[in-house]
Amino acid sequence: MKPMKAIFLLISLFLLCNCSSESSSSNYCDSYQYKENGCDTGKMVFEGSSAEEVNQLLCSALQDDELNRYCAYDMRLARYKQSCM
């Protein structure tokens, strides 16, 4: 496995675990934060009453360049392909 993909997976899993511990009012949660070349998307957290709702929020956010501060396009694209296609 390439080092970049391994880092991507570790960050995603870490954030997913953190998200579930912070969520008390909703049943489903997902999150991400990507950093690349000093550019940081910021932590994005998505909560909802169903997995489908959370996935729709996640997929929409991954495509939004402005929301993500125009950062980590390739990492967001990889996550989009993994989670939304």
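Position 1 is the first residue of the sequence, and the numbers go up from there.
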ask   = Sequence neighbours excluded, which residues qualify as side-chain hydrogen bond (donor to acceptor under 3.5 Å, both in side chains) partners of Asp40?
value = Gln33

task = Could you please spell out the steps behind the side-chain contact (heavy atoms from CB on, under 4.5 Å) verdict for Tyr32 and Met75?
result = CA-CA 10 Å; Tyr32 70 82; Met75 292 175 158; over 6 Å; no

Heavy-atom closest pair, residues [X] and [Y]:
{"X": "Ala72", "Y": "Tyr34", "answer": "CB-CB, 3.5 Å"}
{"X": "Gly48", "Y": "Val54", "answer": "N-CG2, 3.3 Å"}
{"X": "Tyr73", "Y": "Glu36", "answer": "N-OE1, 4.1 Å"}

key: Hydrophobic cluster identity match, Tyr80 and Leu67, side-chain contacts under 4.5 Å   = yes

key: Check: Cys71 main-chain N/O paired with Thr41 side-chain donor or acceptor under 3.5 Å   = no

ask   = Got a sec, which pairs hit salt bridge (Lys or Arg N to Asp or Glu O under 4.0 Å) with one end in residues 53-69, sequence neighbours left out?
value = Asp65-Arg76

For a quick test of your reading: what N or O donor-acceptor pairs under 3.5 Å do the side chains of residues 55-63 make, sequence neighbours left out?
{"residue": "Asn55", "atom": "ND2", "partner": "Ser83", "partner atom": "O", "Å": "3.4"}
{"residue": "Gln63", "atom": "NE2", "partner": "Cys59", "partner atom": "O", "Å": "3.2"}

